[in-house]
Amino acid sequence: AYKNKYYMPLAYCVDEKMTDFNTDYPSPFEVQNDFWFYATGLYGALKSVGVAEYYTDNVYDNGRDFYDESFTYTKETADAEGTITLKYEIPEEANAYVYLKGSTIKKINVSKEIGEFSVSQDLGEPYVLDCGKCVAGEYLTVEIPIEASKDSGYVECYVVYLDQSVLDTGYAILQPGTMKIEQFDETYIKGSVTAGDNQILYTSINYDDGWKVKVDGKDAKKIKIGDALIAVKLSEGTHTVEFEYEPSGLKIGFIISAAT
């Protein structure tokens with residue numbers, strides 16, 4: 001049976017510098033790179049690819065803008081359709097990914113020159129498009145159709161490939177600090193974990209006032225990571241960690257029920 005060796009556990013130890021992690025980047029790939037750096041000390045798991053060539057149809061070309069990750073465009077002829085086509089050369093055999101958003105762009109077409117990969121993506125809700133594995137030197141093409149009614153606008157287009165060695169090394173670094181789950185349900189989680197010096201236990205549990213944390217039976221202070229998830233400071237050594245959820249209205253409801 002297939003086993004995903006890159007599965008991330010519910011909780012694992014990372015450097016305490018993870019508290020500096022934030023998601024305030026225009027590119028989701030920079031967010032992921034920042035996370036991987038704070039978690040493992042390694043940077044560049046996702047490597048940016050610049051535009052190798054571009055073509056335009058009924059879009060003003062000033063000779064430079066379309067090489068940038070973000071750019072504006074203006075039609076040459078108003079009220080007529082146009083197209084911007086960007087080509088990216090993937091420098092080594094690797095999985096490639098695309099993320100694009102634009103003020104007036106409704107969809108994009110992405111294709112590879114080898115194989116049968118050709119996808120149209122609706123940009124109503126932009127998301128990272130997995131383009132699969134590319135061979136070294138393969139071109140990835142992003143075609144951006146522009147409707148006749150949209151005469152100008154802006155585009156942000158980010159293309160990256162995965163550096164497998166950085167990913168593998170990072171997983172090896174994180175593995176010893178994985179929390180071993182002993183009990184788990186929707187409102188209670190218990191496990192044991194061995195922390196190194198200057199580490200925190202990072203979790204994929206949403207930060208909510210209802211969650212209470214205990215370390216070795218004692219109440220522990222929650223840390224908010226990326227303005228979204230729970231972490232807790234641990235001293236070096238092996239610990240038992242418990243997470244218990246109590247909705248904020250539960251105690252008040254119980255008191256009212258008891259009083260009536």
* To do: Tell me, with the steps shown, if V59 and T83 meet side-chain contact (heavy atoms from CB on, under 4.5 Å).
  => CA-CA 7 Å; V59 175; T83 306; over 6 Å; no
* Asked: Once you round to the nearest 0.5 Å, how far does NZ of K107 lie from CG of L100?
  -> 13.5 Å
* Okay, side chain of Q199, backbone of G196: is any donor-acceptor separation there less than 3.5 Å? -> yes
* Closest approach of V193 to G177 (non-hydrogen atoms, all atoms of both residues) -> CG2-O, 3.3 Å
* Asked: Would a line drawn from the ring center of Y171 to the ring center of W36 be shorter than 6.0 Å?
  -> yes
* To do: Begin from the C-alpha positions of F21 and D34 and carry the test side-chain contact (heavy atoms from CB on, under 4.5 Å) through to its verdict.
  => CA-CA 7 Å; F21 168 68; D34 204 45; 3.6 Å; yes
* Structure fact -> Quick note, side chain to side chain donor-acceptor pair (under 3.5 Å) partners involving residues 172-184, not counting sequence neighbours, are E182-S192
* Exercise: identify the closest heavy-atom pair between V128 and P28 -> CG2-CG, 4.0 Å
* Using the salt bridge (Lys or Arg N to Asp or Glu O under 4.0 Å) rule, collect all pairs that involve residues 39-52, keeping only residues at least two apart or in two chains. => K47-D163
* Asked: Does the side chain of I225 come within less than 4.5 Å of T19's, by heavy atoms?
  -> yes
* To do: Could you tell me the separation between the OG1 atom of T169 and the CG atom of L42, rounded to the nearest 0.5 Å?
  => 6.0 Å
* Should Y55 and Y60 be regarded as members of a common hydrophobic cluster, given that ILVMFWY residues are connected when their side-chain heavy atoms come within less than 4.5 Å of each other, either directly or indirectly? -> no
* Asked: Side-chain contact, heavy-atom cut-off 4.5 Å: K101 with L123?
  -> no
* Where do I189 and I205 land on the side-chain contact (heavy atoms from CB on, under 4.5 Å) test, with the steps shown first? -> CA-CA 10 Å; I189 303 165; I205 301 171; 3.9 Å; yes
* **CG-CG distance between N95 and L167, expressed to the nearest 0.5 angstrom** => 10.0 Å
* Working to the nearest 0.5 Å, report the span between CD of E92 and CD of Q164. => 10.0 Å
* Kindly state each residue pair satisfying ring-ring contact (aromatic ring centres under 6.0 Å, His included) with at least one member in residues 184-230, sequence neighbours excluded. => Y12-Y202, F35-Y202, W211-Y245
* Asked: Taking atom CG of D185 as the centre, does the number of heavy atoms from other residues, nucleotides or ligands within less than 6.0 Å exceed 12?
  -> yes
* Asked: Which pair of heavy atoms, one from A220 and one from V215, lies closest together, and at what distance?
  -> CB-CG2, 3.7 Å
* To do: Please answer whether the main-chain N or O of K214 pairs with a side-chain N or O of E244 as donor and acceptor at a distance below 3.5 Å.
  => no
* Structure fact -> Between K106 and D122, the two heavy atoms sitting closest are O-OD1, 3.3 Å
* To do: Quick one: which residue pairs count as a ring-ring contact (aromatic ring centres under 6.0 Å, His included) with a foot in residues 80-107, not counting sequence neighbours?
  => none
In a table with atom names and distances, give each donor-acceptor pair under 3.5 Å that connects a side chain of residues 129-157 to protein atoms at least two apart or in another chain.
| residue | atom | partner | partner atom | Å |
| --- | --- | --- | --- | --- |
| D130 | OD1 | G132 | N | 2.8 |
| E138 | OE1 | V135 | N | 3.0 |
| E138 | OE2 | I114 | N | 3.1 |
| E143 | OE1 | N109 | ND2 | 2.7 |
| D151 | OD1 | D79 | N | 3.0 |
| E156 | OE1 | Y158 | OH | 2.8 |

Show the atom names and distances, to 0.1 Å, of all donor-acceptor pairs under 3.5 Å that link a side chain in residues 229-239 to residues at least two apart or in another chain.
| residue | atom | partner | partner atom | Å |
| --- | --- | --- | --- | --- |
| K233 | NZ | E16 | OE1 | 3.0 |
| S235 | OG | H239 | NE2 | 3.3 |
| T238 | OG1 | T194 | OG1 | 2.8 |
| H239 | ND1 | D216 | OD2 | 2.8 |
| H239 | NE2 | S235 | O | 2.7 |

* **Test side-chain contact (heavy atoms from CB on, under 4.5 Å) applied to D227 and N22, step by step** => CA-CA 7 Å; D227 203 32; N22 71 82; over 6 Å; no
* NZ of K112 to CD1 of I90: how many Å apart, nearest 0.5 Å? -> 9.0 Å
* May I ask you to check whether over 12 heavy atoms, not counting those of K224, lie within 6.0 Å of atom NZ? => yes
* Over all heavy atoms of both residues, which pair between P91 and V49 is shortest? Give the atoms and the distance, please. => CD-CG2, 4.5 Å
* **Atom of F243, atom of T203 and distance for their closest heavy-atom approach** => CZ-CG2, 3.7 Å
* Asked: Do the side chains of V51 and F66 get nearer than 4.5 Å, heavy atoms only?
  -> no
* Side-chain (N198) to main-chain (D15) donor-acceptor, under 3.5 angstrom -> no
* Structure fact -> Interatomic distance, CG@N58 vs OG1@T74, rounded to 0.5 Å, equals 11.0 Å
